[in-house]
Amino acid sequence: NAGVMQNPRHLVRRRGQEARLRCSPMKGHSHVYWYRQLPEEGLKFMVYLQKENIIDESGMPKERFSAEFPKEGPSILRIQQVVRGDSAAYFCASSPRIVSYNEQFFGPGTRLTVL
Amino acid sequence: KNEVEQSPQNLTAQEGEFITINCSYSVGISALHWLQQHPGGGIVSLFMLSSGKKKHGRLIATINIQEKHSSLHITASHPRDSAVYICAVLIQGAQKLVFGQGTRLTINP
């Protein structure tokens with residue numbers, strides 16, 4: 001059983017470029033969460049998605065950041081016109097159908113470096 | 001004040017010692033996670049609990065819902081236990097995790 005997959009594991013971008021981070025949830029999981037870990041800081045919630053729906057985006061920066069989880073394919077976190085402050089580790093987690101609460105399983109993360 | 005507070009922030013101990021990491025939270029929760037993160041590595045979920053106590057190998061996690069407090073214990077600690085341990089709570093009525101700042105544990109041989 002494959003766990004949560006994220007790619008790329010490391011991504012280097014120059015200021016102003018776009019970054020696309022991909023997350024494939026565990027088999028049978030239809031809920032995806034994105035978290036960001038800035039250098040020397042704790043993890044922060046960004047967005048929660050189900051297939052084709054954004055459920056909670058209260059942690060997403062208002063500009064340049066977007067997320068999707070299409071019917072087919074991985075979830076994508078997209079950062080447009082990256083700036084140095086976007087350098088961080090971005091983690092994706094997934095969980096199965098929500099009952100009351102479900103354990104979230106984390107991917108290995110994508111480490112974004114903006115030059 | 002953060003919604004989730006961990007103590008201590010840093011802990012250094014000798015191999016074999018009994019380790020306790022504490023987590024206090026100030027919000028209503030439906031569950032609490034203990035996570036492990038190795039330097040430069042991914043995040044591994046150690047426990048998810050909503051009441052009582054869970055044990056896995058040398059790791060024990062407890063939670064007291066009334067006192068809004070959880071502890072993670074490591075018995076017979078080993079250098080390979082060196083990592084950052086993170087407490088995260090699942091906010092009641094939501095599906096997002098709120099994280100503590102983490103406890104950096106170093107076990108010396």
Side-chain angles (χ1 to χ4, degrees), chain A residues 2-10 23 25-26 29-50 53-60 67 69 88-113, chain B residues 1-10 21 23-52 54 56 59 61 63 65 70 83-104:
Chain A
V4 179
M5 310 283 284
Q6 288 188 250
N7 67 80
R9 296 288 304 275
H10 299 272
C23 170
M26 285 179 71
H29 286 193
S30 56
H31 300 260
V32 164
Y33 315 80
W34 285 94
Y35 299 97
R36 179 166 68 173
Q37 187 175 40
L38 292 166
E40 304 304 319
E41 291 190 22
L43 286 146
K44 295 280 196 301
F45 168 81
M46 297 183 78
V47 62
Y48 161 41
L49 310 105
Q50 293 178 28
N53 284 305
I54 297 174
I55 307 301
D56 182 349
E57 56 182 347
S58 57
M60 288 278 271
F69 189 15
Y90 292 83
F91 290 93
C92 163
S94 73
S95 68
R97 178 179 65 88
I98 298 297
V99 180
S100 54
Y101 54 85
N102 288 96
E103 186 169 4
Q104 295 183 20
F105 296 85
F106 285 80
T110 293
R111 278 149 185 84
L112 172 66
T113 301
Chain B
K1 191 177 187 299
N2 293 335
E3 292 169 305
V4 182
E5 295 277 356
Q6 285 185 237
S7 62
Q9 289 189 12
N10 293 283
I21 299 170
C23 174
S24 296
Y25 53 91
S26 57
V27 292
I29 71 167
S30 44
L32 182 146
H33 279 260
W34 280 102
L35 309 168
Q36 181 192 55
Q37 185 176 30
H38 283 278
I43 295 168
V44 175
S45 178
L46 299 174
F47 295 102
M48 185 182 77
L49 63 167
S50 57
S51 64
K54 286 191 176 180
H56 181 69
L59 301 177
I63 188 168
I65 295 292
S70 175
V84 175
Y85 292 84
I86 303 167
C87 171
V89 300
L90 192 63
I91 299 290
Q92 209 164 44
Q95 286 298 326
K96 61 183 179 183
L97 289 171
V98 176
F99 300 84
Q101 287 296 95
T103 295
R104 188 176 301 276

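Below, chains carry the letters A, B, ... as their sequence lines are ordered, and counting in each starts from 1. Every heavy atom of this structure was used, including side-chain atoms; hydrogens, water molecules and symmetry mates were not.
- For A/Y35, the part lying near chain B is the side chain, with the backbone staying farther off; criterion is any non-hydrogen pair under 4.5 Å.
- Contact check for A/F106 versus B/Q37: no side-chain heavy atoms found under the 4.5 Å cut-off.
- With rounding to the nearest 0.5 angstrom, the NZ atom of B/K96 is 11.5 Å from the CD atom of A/E57.
- For a residue to count as touching a neighbouring chain, one of its non-hydrogen atoms must lie under 4.5 Å from one of that chain's; by this rule A/R111 touches chain B with the side chain only.
- Side-chain contact between B/L97 and A/L43 is absent, with no heavy-atom pair separated by less than 4.5 Å.
- Only the side chain of A/Q37 comes within less than 4.5 Å of a heavy atom in chain B; its backbone stays farther off.
- Surrounding CD of B/Q9 are at most 12 heavy atoms belonging to other residues, nucleotides or ligands under 6.0 Å away.
- Across all non-hydrogen atoms, the minimal contact from A/E103 to B/S45 is OE2-OG, 2.8 Å.
- Residues A/K44 and B/F99 come closest through the heavy atom pair N-CD1, 4.4 Å.
- In this structure, A/M5 places its CE atom where only 12 or fewer heavy-atom neighbours from other residues, nucleotides or ligands lie under 6.0 Å away.
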